[in-house]
Amino acid sequence: MDLLQKIKSERAQSKKKRPFKRTLFDKVNCLVRTYGLEVSFLSRLEVPEDYLSEANVEFAQLRKKKPIEFPLFSLAAEREYRLATAIMNKVDNPYLEFAQSPEEIAISKTLFDLNPSLGADQLVRYHFETLLLCERAKKEMKDLAKQANDSQRRKGAGSARESLGDEGSLPDSLEQRIEQLQSFVEKVEDSQAQ
């Protein structure tokens with residue numbers, strides 16, 4: 001291909017229509033307007049929500065997203081504009097683009113810190129809370145597996161009765177919890193593959 005054909009080809013490519021993509025500001029401003037967010041919402045972003053504080057989290061339900069139709073263009077009053085830009089500055093991570101509720105905006109930083117490599121298909125399908133619980137379940141499974149291995153080593157050293165009690169029920173409860181967590185993670189990851 002000579003230079004002239006290459007230039008013509010590039011010009012033809014540049015003239016093709018491309019779909020319009022909404023900006024991050026349009027999406028955040030739509031959430032501000034839809035949910036009637038106030039400046040007080042910014043204080044909620046300073047303290048990330050901690051879902052580990054719930055003592056006995058049940059991983060049974062997969063929470064799907066409620067779709068929102070974002071406008072192509074966003075007109076904002078001065079108050080909305082300031083709030084939307086303040087949110088974008090505070091929650092500066094790529095997952096914000098996939099948030100569809102104030103709750104997801106608040107969770108996005110924690111989720112990004114736990115796993116910065118989630119794919120777009122995962123972020124579009126499930127509520128960030130479900131993805132956060134999945135990441136926490138993976139971490140808890142690793143910790144429990146390590147704890148089970150440690151208890152097995154202690155059992156071999158003869159101190160099983162001290163660490164496990166008379167019945168030795170700790171490994172059973174650990175095994176059940178690991179199975180519960182594994183089941184939850186598989187549900188999330190299996191449906192992400194579909």
_Distance check, rounded to the nearest 0.5 Å: Asn29 atom CG versus Met88 atom CE?_
10.0 Å
*State whether the side chain of Gln122 and the backbone N or O of Gly119 hold a donor-acceptor pair below 3.5 Å, judged by distance alone.*
yes
_Lys/Arg N to Asp/Glu carboxylate O, Glu78 vs Arg82, below 4.0 Å_ = yes
*Determine, using the 4.5 Å side-chain heavy-atom cutoff (strictly less than), whether Val39 and Val91 are members of one ILVMFWY cluster.*
yes
_N/O donor-acceptor pair under 3.5 Å between Ser183 side chain and Glu179 backbone_ = no
*Verify, without hydrogens or angle tests, whether Glu140 (side chain) and Arg136 (backbone) share a donor-acceptor contact under 3.5 angstrom.*
no
*Is there side-chain contact between Ser74 and Cys30, with heavy atoms separated by less than 4.5 Å?*
no
*Give the minimum heavy-atom separation between Arg33 and Ala77, together with the two atoms involved.*
NH2-N, 4.2 Å
*Which pair of heavy atoms, one from Cys134 and one from Val185, lies closest together, and at what distance?*
O-CG2, 4.0 Å
_To the nearest 0.5 Å, what is the distance between CG on Leu131 and OG1 on Thr110?_
13.0 Å
*So how far is it from Lys90 NZ to Leu96 CG, rounded to the nearest 0.5 Å?*
13.5 Å
*Show the numbers, then the answer: is there a side-chain contact (heavy atoms from CB on, under 4.5 Å) between Glu104 and Glu129?*
CA-CA 7 Å; Glu104 285 190 314; Glu129 181 180 84; over 6 Å; no
_Is the shortest side-chain heavy-atom distance between Phe184 and Thr130 below 4.5 Å?_
yes
*Given Gln100 and Phe70, is the side-chain contact (heavy atoms from CB on, under 4.5 Å) satisfied, shown in steps?*
CA-CA 9 Å; Gln100 292 190 350; Phe70 292 105; 4.2 Å; yes
*Taking all non-hydrogen atoms of both residues into account, name the closest pair between Leu181 and Ala137 and its distance.*
CD2-CB, 3.8 Å
*With a 4.0 Å cut-off, would you call Glu69 and Arg22 a salt bridge?*
yes
*Do the side chains of Thr85 and Val28 get nearer than 4.5 Å, heavy atoms only?*
no
*Enter the distance from Ile68:CD1 to Ser101:OG here, rounded to the nearest 0.5 Å.*
7.0 Å
*asked:* Go through it in stages, so that I can follow the logic: the residues are Glu38 and Arg79, the test is side-chain contact (heavy atoms from CB on, under 4.5 Å), and I'd like the CA-CA distance, side-chain angles, deciding distance and then a yes or no.
replied: CA-CA 9 Å; Glu38 298 292 329; Arg79 180 192 64 79; 4.0 Å; yes
*Going by heavy atoms in the side chains, are Leu111 and Leu123 under 4.5 Å from each other?*
yes
*Would you check if the side chain of Glu97 reaches a backbone N or O of Pro94 as a donor-acceptor pair within less than 3.5 Å?*
no
*Chi angles and distances behind the side-chain contact (heavy atoms from CB on, under 4.5 Å) call for Lys27, Phe98*: CA-CA 9 Å; Lys27 292 178 179 182; Phe98 300 96; over 6 Å; no
*asked:* Under the rule for ring pair (Phe, Tyr, Trp, His ring centres under 6.0 Å), what residues qualify as partners of Phe41, not counting sequence neighbours?
replied: none
*When rounded to the nearest 0.5 angstrom, what distance separates NZ in Lys138 from CE in Met141?*
8.0 Å
*Supply the atom-to-atom distance Leu118 CG to Phe128 CZ, rounded to the nearest 0.5 angstrom.*
9.0 Å
_If the threshold is 4.0 Å, N to carboxylate O, is there a salt bridge linking Asp2 and Lys6?_
no
*Stepwise, does the side-chain hydrogen bond (donor to acceptor under 3.5 Å, both in side chains) test hold for Asp26 with Thr23?*
CA-CA 5 Å; Asp26 293 330; Thr23 65; 3.0 Å; yes
*For Phe25, which residues count as a ring pair (Phe, Tyr, Trp, His ring centres under 6.0 Å) partner, sequence neighbours excluded?*
Tyr81
_Heavy-atom closest contact (Leu45 atom, Ala106 atom, distance)_ = CD2-CA, 3.7 Å
_Leu75 atom CG, neighbour heavy-atom count above 12 within 6.0 Å_ = no
